[in-house]
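Read through the structure below, which is laid out as structure tokens, and then see the notes.
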There are 2 protein chains.
Amino acid sequence: MKKGGCPIQALVLAAGKGRRLRSRHPKPLLKVGGTPLVDRVIAGLREAGVENITVVYGHSRVRDHLKGRGLRLVKNSNPELGPAHSLRLGLEGLEKGPFLLVMSDHLFDHRMLSRLMEDEPRRTTLCIDRDLDGRDLKEATKVLTEGRMIKAIGKGLSRFNALDTGVFYCTDDVREAALSNRDARSLSEVMGALAAEGRLEAFDATGTFWMDIDTAEDRALAEKRLAEELCKPGDGPVSRHLNRRLSKPLSQVMARLGATPNQISLLSFMAALASALSFAAGIPFWGGVTAQLSSILDGCDGEVARIRGLESRFGAYLDSLLDRYGDVAILLGMTATAPASLWLPGLLAILGSYSISYTASRAEYYTGGRFKGSLENVMNRDVRLFLIMVGGVLGQIGATLAVLALLTNVVVGLRLAAFRPMTSMGEAQKGL
Amino acid sequence: MKKGGCPIQALVLAAGKGRRLRSRHPKPLLKVGGTPLVDRVIAGLREAGVENITVVYGHSRVRDHLKGRGLRLVKNSNPELGPAHSLRLGLEGLEKGPFLLVMSDHLFDHRMLSRLMEDEPRRTTLCIDRDLDGRDLKEATKVLTEGRMIKAIGKGLSRFNALDTGVFYCTDDVREAALSNRDARSLSEVMGALAAEGRLEAFDATGTFWMDIDTAEDRALAEKRLAEELCKPGDGPVSRHLNRRLSKPLSQVMARLGATPNQISLLSFMAALASALSFAAGIPFWGGVTAQLSSILDGCDGEVARIRGLESRFGAYLDSLLDRYGDVAILLGMTATAPASLWLPGLLAILGSYSISYTASRAEYYTGGRFKGSLENVMNRDVRLFLIMVGGVLGQIGATLAVLALLTNVVVGLRLAAFRPMTSMGEAQKGL
């Protein structure tokens with residue numbers, strides 16, 4: 001992530017004790033969805049493109065956990081002096097210029113960082129949440145805004161209209177405020193000094209997931225919320241009504257066992273290969289069942305990535321590529337077992353299936369959006385693999401290939417007509 | 001294109017006479033690369049997502065040319081009162097709020113508009129060019145900037161450091177300045193009044209193509225410049241050294257004949273189908289030759305789009321989709337004529353070829369960039385079709401399929417390793 005051409009740096013405050021968590025771990029090492037809190041924060045920063053990361057820690061076990069990972073580690077020997085002291089220690093080693101400031105005990109969707117930066121903040125800016133429902137208002141840090149400006153910030157505010165998410169974009173103003181308020185213990189005192197001088201802005205991040213983890217209940221709630229948010233906006237009918245019901249509990253087990261998203265993508269690919277071999281070996285029943293298994297596992301990689309805080313563009317890229325090879329393998333296995341006269345439907349099904357994914361990718365690139373109509377999405381991967389499962393179980397290979405060959409290519413044609421209206425909606429301009 | 005969520009409107013000044021052009025056409029109808037100037041400007045605005053366009057015209061032939069195209073047309077009965085008069089007439093019908101202001105006698109790359117808007121201008125802003133080389137400084141409108149602010153603007157400036165490209169983002173300040181300077185004839189007088197009050201900013205568009213068309217020489221130079229800029233940054237070796245040499249002159253002829261880019265995309269696809277049929281019919285020599293012809297024509301659609309000012313995301317989308325179907329058709333034709341034992345290499349060549357394009361598309365989406373290494377690009381379409389041409393002419397179908405099957409899939413593997421470093425370079429964050 002860059003600001004005005006320069007890569008931005010980040011400061012992570014991870015010296016909290018977390019006594020209220022009743023955990024034997026230092027708070028930054030507390031696992032949520034199988035991944036320590038501090039690892040989630042660092043993965044989020046890295047996924048947002050931040051390379052230069054400084055972590056202020058209090059406990060030597062946090063240091064041992066983080067060393068050798070390309071981070072600058074700063075020891076806070078007096079964590080009892082509060083987060084403002086950690087901030088001052090961290091600032092000593094930071095380069096001049098803006099930086100992102102995040103807390104290791106705040107879970108947040110890493111897209112909050114990119115949205116904040118896309119807004120091109122000029123002053124010091126705090127991501128705020130205007131939705132107060134369901135939040136623990138006693139423990140939360142509250143914010144009073146007026147327009148874009150933050151007027152006051154603190155746990156004890158009686159008048160407030162938003163909450164502090166713990167994600168800051170900081171200019172050199174913060175350096176100055178931290179050093180000139182040497183007695184400040186909480187971040188709110190430092191930031192409050194800026195707010196009083198009209199130098200603290202709010203960025204409205206309402207709707208982007210975040211949670212402050214203070215208690216064991218928070219942690220349980222966070223795991224529940226993460227699991228609830230697993231449905232993707234582009235989910236098709238088979239995903240929604242069948243696959244997600246099976247993949248969600250499966251993903252939570254796999255996350256707890258420490259499986260990585262990329263391992264699960266490979267597992268889904270291997271299920272597709274098993275399906276291909278079953279079809280080719282003349283056991284279409286198992287071919288169909290393993291195709292559906294591959295489809296269910298295809299949902300798990302993204303879910304585990306989200307639960308464990310390991311989402312990455314590389315993972316998404318690997319997943320989409322393995323899906324294409326898996327699709328072709330299954331259709332090839334089906335074609336190999338069908339009468340020779342079916343090689344053309346088989347090949348057209350391969351061409352059409354790949355083209356469904358290719359057109360989706362091109363449309364995303366050129367317009368930034370997805371095809372919206374249900375007809376344009378009727379042959380998405382969840383539906384295709386479901387048809388293959390049904391066809392395999394019923395032993396109707398030829399008919400399945402013919403249906404896939406016809407419908408996938410018809411949908412690709414529909415997507416030509418559907419593309420034009422999308423270009424006037426898309427705000428993003430792409431180079432041609 | 002939107003500004004703060006609202007679609008932005010545009011005003012095109014097209015009442016100029018263009019006497020110096022020695023043309024029988026009113027200046028807005030003067031054809032450059034086969035397309036009237038005013039059509040290029042309107043196509044550029046539309047491609048940038050601007051729907052609400054007002055054109056101020058002087059000549060009734062311009063009105064006849066533009067009517068029925070969803071534009072608001074405003075007549076200027078006194079074009080001799082200058083562009084400032086056209087501006088005042090156009091403003092009467094515009095909605096309050098910001099608008100883009102462009103001249104019909106300025107050619108410009110439509111990406112200038114999107115770059116300007118991405119900069120999120122707050123004040124009235126003029127796109128300027130700091131590269132004065134090769135410009136006709138006598139006729140150009142000159143600009144003196146200090147930091148981001150424009151200090152002075154006009155044809156007669158003796159001190160200047162940039163040129164006026166004729167592309168403005170206007171706030172209500174322009175409305176006010178146009179109405180309070182009723183005697184102003186040139187735009188420079190209106191904008192100069194804003195500059196004097198510190199209300200006119202500059203956006204540096206240096207490097208983005210633009211040209212003011214005042215004389216027949218300008219027009220000839222514009223056509224030459226457009227033709228020179230036809231190479232794409234991603235061009236492979238066969239494109240650069242062979243295809244472009246043939247496609248460039250061909251494109252200029254086709255542009256003059258009035259061919260549209262989409263027609264040429266279809267022509268290239270039909271050449272691919274001819275190649276597929278030739279291979280399948282056992283005439284590999286012609287299969288190879290028509291495959292190469294398809295490859296050359298594949299360069300022409302983009303070139304004609306650029307020459308004629310008809311670049312569009314839909315055209316790029318259609319082209320990429322037809323290319324995929326063409327690729328598969330040719331490889332299928334080759335596989336059909338090869339011994340039956342070659343069906344697997346044939347199918348792997350289809351899978352690998354499609355995956356080269358799919359991985360390029362995914363990488364563009366996730367990182368905003370292309371694969372840079374030469375190994376990762378060694379199996380791009382220009383090279384694949386060249387190999388097919390050589391294989392066809394030599395009658396070596398089996399060997400060609402085997403080479404394609406192997407190398408395309410190896411490159412897809414290399415692109416897995418090459419993807420990770422790209423994600424830290426890419427500034428754009430994409431939703432996962």
Side-chain angles (χ1 to χ4, degrees), chain A residues 1-2 46-49 51 110-111 113-115 117-118 120 233 302 305-306 311-318 320-321 324-325 328-329 332 335 343-344 347 350-351 354-355 357-359 361-368 409 412 415-416 419-420 422-432, chain B residues 1-2 7 46-49 51 110-111 113-115 117-118 120 233 302 305-306 311-318 320-321 324-325 328-329 332 335 343-344 347 350-351 354-355 357-359 361-368 412 415-416 419-420 422-432:
Chain A
M1 184 176 294
K2 300 182 180 195
R46 291 232 161 108
E47 184 53 22
E51 304 278 345
H110 65 83
R111 279 162 286 200
L113 299 171
S114 34
R115 284 169 195 156
M117 294 304 291
E118 275 162 17
E120 298 192 8
R306 180 143 181 85
E311 288 167 301
S312 76
R313 282 174 285 175
F314 176 76
Y317 175 79
L318 177 71
S320 60
L321 188 57
R324 299 295 78 70
Y325 274 75
V328 172
L332 180 58
T335 307
W343 67 269
L344 189 60
L347 196 120
I350 288 174
L351 171 60
Y354 211 140
S355 296
S357 304
Y358 184 69
T359 48
S361 173
R362 291 277 79 188
E364 267 184 323
Y365 176 66
Y366 284 123
T367 74
N409 288 291
V412 169
R415 286 181 170 193
L416 273 180
F419 183 84
R420 264 186 210 272
M422 289 170 72
T423 57
S424 57
M425 283 161 38
E427 286 178 58
Q429 281 301 109
K430 300 293 177 179
L432 295 166
Chain B
M1 184 175 295
K2 300 181 180 197
R46 291 231 161 109
E47 183 54 22
E51 305 278 344
H110 65 83
R111 279 162 285 200
L113 299 171
S114 35
R115 285 170 195 155
M117 294 304 290
E118 275 162 18
E120 298 192 8
R306 179 140 183 88
E311 288 167 301
S312 77
R313 281 175 285 175
F314 176 75
Y317 175 79
L318 176 71
S320 61
L321 188 57
R324 300 294 79 70
Y325 274 74
V328 172
L332 181 58
T335 308
W343 67 268
L344 189 60
L347 197 120
I350 288 175
L351 171 60
Y354 211 140
S355 296
S357 304
Y358 184 69
T359 47
S361 173
R362 291 276 78 187
E364 267 183 323
Y365 175 66
Y366 284 124
T367 74
V412 170
R415 286 181 169 192
L416 273 180
F419 184 83
R420 265 187 210 271
M422 289 170 71
T423 57
S424 57
M425 283 161 38
E427 286 179 58
Q429 281 302 109
K430 300 292 178 180
L432 294 166

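Each chain gets a letter, A, B and so on, in the order the sequences are listed, and its residues count up from 1.
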Quick one: are L347(A) and T335(B) in side-chain contact, heavy atoms under 4.5 Å?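 Counting from C-beta outward, L347(A) and T335(B) never come under 4.5 Å.
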Non-hydrogen side-chain atoms of R362(A) and R324(B) separated by less than 4.5 Å: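 Result no, sub-4.5 Å side-chain heavy-atom pair not found.
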Is the terminal nitrogen or CZ of R420(B) (NZ for Lys, CZ for Arg) located under 6.0 angstrom from the six-membered ring centre of F314(A) and within 45° of that ring's axis?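 Satisfied, under 6.0 Å and within 45°.
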Just so I understand: if I count every heavy-atom pair under 4.5 Å between each of T359(A), V328(A), L318(A) and chain B, which residue has the most?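 Highest number of pairs under 4.5 Å: T359(A).
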Could you pull out all residues at least two apart from L344(A) that satisfy side chain to side chain contact (heavy atoms under 4.5 Å, CB included)?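 For L344(A) the side chain to side chain contact (heavy atoms under 4.5 Å, CB included) partners, ignoring immediate neighbours, are L348(A), L332(B).
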Any idea which heavy atoms bring A363(B) and Y317(A) closest together, and the distance?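 Reported closest heavy-atom pair: N-CE1, 4.2 Å.
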Shortest non-hydrogen separation from Y366(A) to R313(B) and the atoms involved: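 Scanning both residues completely, I find the closest heavy atoms to be O-NH1, 3.0 Å.
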All ring-ring contact (aromatic ring centres under 6.0 Å, His included) counterparts of Y354(B), not counting sequence neighbours: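 Residues passing ring-ring contact (aromatic ring centres under 6.0 Å, His included) with Y354(B): Y354(A), Y358(A).
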State the CZ-CG distance between F419(B) and L321(A), to the nearest 0.5 angstrom.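 Interatomic distance, F419(B) CZ to L321(A) CG, rounded to 0.5 Å: 10.5 Å.
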Between CD1 of I350(B) and CG of L351(A), what distance do you get to the nearest 0.5 Å?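 Answer rounded to 0.5 Å: 8.0 Å.
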Interchain contact, R46(B) with chain A, by part (heavy-atom threshold 4.5 Å):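 No part of it gets close to chain A.
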